[in-house]
Amino acid sequence: MAALLAEKRGYEPVILHEEEPVMCPSLLGGLPGLPLNYFLDAAGFPLEDPRFYHSLSPSMVFLGERWQLLGVPELRSGFSELERVRWMPGFPAIQESLIPELFSGMKQEMSRFQFPPDFTTKLFSWWHRYRFRRHERGLRSLLASQPPPLEEWLSFLEAMKPFLGLFADSRNSVFSVRSLVALLNGWTSYPNEPLLYREVLKVVHKNLKKSVREWGGSPFTVRMEGRRKGVFIESQGKGERFDFLLDLSGENEVPLGIDRWEWRVPESLIPDVWPLQFLTPSRNGIPSVLFQGRSVGEKEIRYQVTVRRSGEEKKGGSPLMNLEPLLLRGIPRSAVLRELTPPDPILVYSDELPKNGWRIREPYLMTMGPIQRILDPTRLPFLTDDWIRQLFYVLKFR
């Protein structure tokens, strides 16, 4: 999809990909005019197409000190006041005060990404970029003061941060609060992986023709030409020169520290009222765990179990130990989990590249001259508007 966007923005992309489909992240966002929605529209696979995406409602349950259910729009009008306080504390205030603040600046910024530049659009592009950065700084200051509507959600925001690819000590809370608002409003979907992957490949082969190459398993070495005038990519003695490289295949320089498993559960053992996606906080030395389930046929649910460990947390014990007994309903805590190992690297960067030459643009993008590296989204549980925004930042019109 990134290659399809690049082609529409004036590039002549050569795409190197694996034929084996991977488990896609859930899509966290989808307001019209925001990056995720605009990206899927531009790629030709809009979020509104039910063949490719399945919306989650409710979107998640957080098993914190008080269980909190997120994203139940069809039930909001029927909630009693006690239920509102229990399941979605501070929701009206968050809707009224934070939603406009969190997304208005991003909508304005997206307007500069939507048209090929001329003198007028370049002038307005500078102005939109300036306003967006000023707006984001204002948001950081606002959220750093912990406004009252968010007080009930601080433990959730801390638990979610690792699964958004954010550093534990990151002071920028804008990304995690945007994810909270998306989940509260039910803006989360799962891709229909096999169908979506097949259809995207068909369009890519049709539009890019001979510029689509399947990766054969041997890593490619990346080195820079003199004065950063281009990128040379070679494997097994053969190579090509490019003027621009967009790498979506790795973790960047700071490892995520994410462990992942697959857990298959008989559908009859999971209560119907529970959403397929739930998050447990850190307890008793066991780190936060995110469970994301997808139906497999009619009798089984496949959960992706994601843990991001820090040095202070114990490495022993099953991620299932942190689940509530009500959810397990007789499933043994020693149930078998199949570990999902990260894929082999496609690109290896030459030792000739300066180690201090990378510019880190928190939290997903690193740049060095003509090389742009964005964190592989399939290594994250969620694909967000903030990740897609970095993609638009890199793929300017040519």
Side-chain angles (χ1 to χ4, degrees), residues 20-28 53-64 67-72 156 159-165 179 182-183 186 188-197 256-283 286-309 313 315-343 376-384:
E20 188 69 25
V22 296
M23 185 179 287
C24 298
S26 64
L27 309 174
L28 191 53
Y53 312 101
H54 170 67
S55 298
L56 293 183
S57 180
S59 57
M60 180 186 283
V61 66
F62 173 55
L63 304 176
W67 292 355
Q68 293 166 331
L69 195 64
L70 296 89
V72 281
F156 171 81
M160 266 292 287
K161 193 181 292 185
F163 306 108
L164 298 171
S179 74
L183 288 165
T188 181
S189 307
Y190 276 142
N192 181 344
E193 295 160 350
L195 177 61
L196 181 61
Y197 190 77
L256 290 174
I258 279 181
D259 298 329
R260 305 168 97 174
W261 292 269
E262 186 179 86
W263 179 37
R264 291 182 177 255
V265 186
E267 194 173 56
S268 59
L269 297 179
I270 302 296
D272 292 337
V273 296
W274 288 86
L276 289 177
Q277 189 164 251
F278 49 96
L279 174 65
T280 67
S282 176
R283 289 177 182 161
I286 300 174
S288 300
V289 185
L290 176 66
F291 296 79
Q292 294 175 296
R294 310 186 188 194
S295 295
V296 181
E298 298 179 354
K299 298 181 179 180
E300 196 173 42
I301 296 177
R302 178 188 63 171
Y303 279 99
Q304 180 174 286
V305 183
T306 307
V307 181
R308 182 176 175 187
R309 305 186 187 278
E313 291 160 334
K315 292 192 175 182
S318 167
L320 303 182
M321 293 175 63
N322 225 4
L323 282 180
E324 296 291 338
L326 176 62
L327 181 63
L328 286 171
R329 284 183 60 177
I331 300 173
R333 293 172 184 264
S334 59
V336 176
L337 300 176
R338 184 174 71 89
E339 188 165 5
L340 302 175
T341 56
D376 178 359
T378 66
R379 300 186 185 214
L380 288 171
F382 299 103
L383 183 63
T384 64

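In terms of heavy atoms, Pro275 sits closest to Pro58 at CB-O, 3.6 Å. Nearest heavy-atom pair across Trp263 and Val305 is CB-CG2, 3.9 Å. Of all heavy-atom pairs spanning Pro25 and Pro191, the tightest one is O-CD, 3.5 Å. Shown here for Ser189 and Ser55, the closest heavy-atom pair between the two residues is OG-OG, 3.5 Å. Taking every heavy atom of both residues into account, Ile301 and Gly293 meet most closely at CG2-CA, 4.1 Å. Closest non-hydrogen pair, Ser282 versus Ser288, comes out as N-OG, 3.3 Å.
In this structure, the side chains of Leu276 and Tyr303 come closer than 4.5 Å at one or more pairs of heavy atoms. Two residues are said to be in side-chain contact when any heavy atoms from C-beta on lie closer than 4.5 Å; Met60 and Thr188 fail this criterion. Put simply, the side chain of Leu290 does not reach to within 4.5 Å of the side chain of Pro162, judged on heavy atoms. A heavy-atom distance below 4.5 Å is not found between the side chains of Arg294 and Gln304. Counting heavy atoms from C-beta outward, Leu279 and Phe163 have side chains that approach closer than 4.5 Å.
Taken from CG in Leu183 to CG in Leu56, the straight-line distance is 9.5 Å, to the nearest 0.5 Å. Taking CD1 from Ile258 and CG from Leu380, the interatomic distance works out to 6.0 Å, rounded to the nearest 0.5 Å. With values rounded to the nearest 0.5 angstrom, Ser179 atom OG is found 5.5 Å from Phe156 atom CZ. Separating the OG1 atom in Thr341 from the CG atom in Asp259 is a distance of 11.5 Å, to the nearest 0.5 Å.
Applying the side chain to side chain donor-acceptor pair (under 3.5 Å) rule to Asn192 yields no partners; only residues at least two apart in sequence or on another chain are considered. Applying the side chain to side chain donor-acceptor pair (under 3.5 Å) rule to Ser26 yields the partners Gln292; only residues at least two apart in sequence or on another chain are considered. Residues forming a side chain to side chain donor-acceptor pair (under 3.5 Å) with Tyr53 (at least two apart in sequence, or on another chain): none.
Salt bridge Arg264/Glu262: present, at least one basic N to carboxylate O contact under 4.0 Å.
Counting only distance, with no hydrogens or angles, the side chain of Thr280 and the backbone of Leu63 share no donor-acceptor pair below 3.5 Å.
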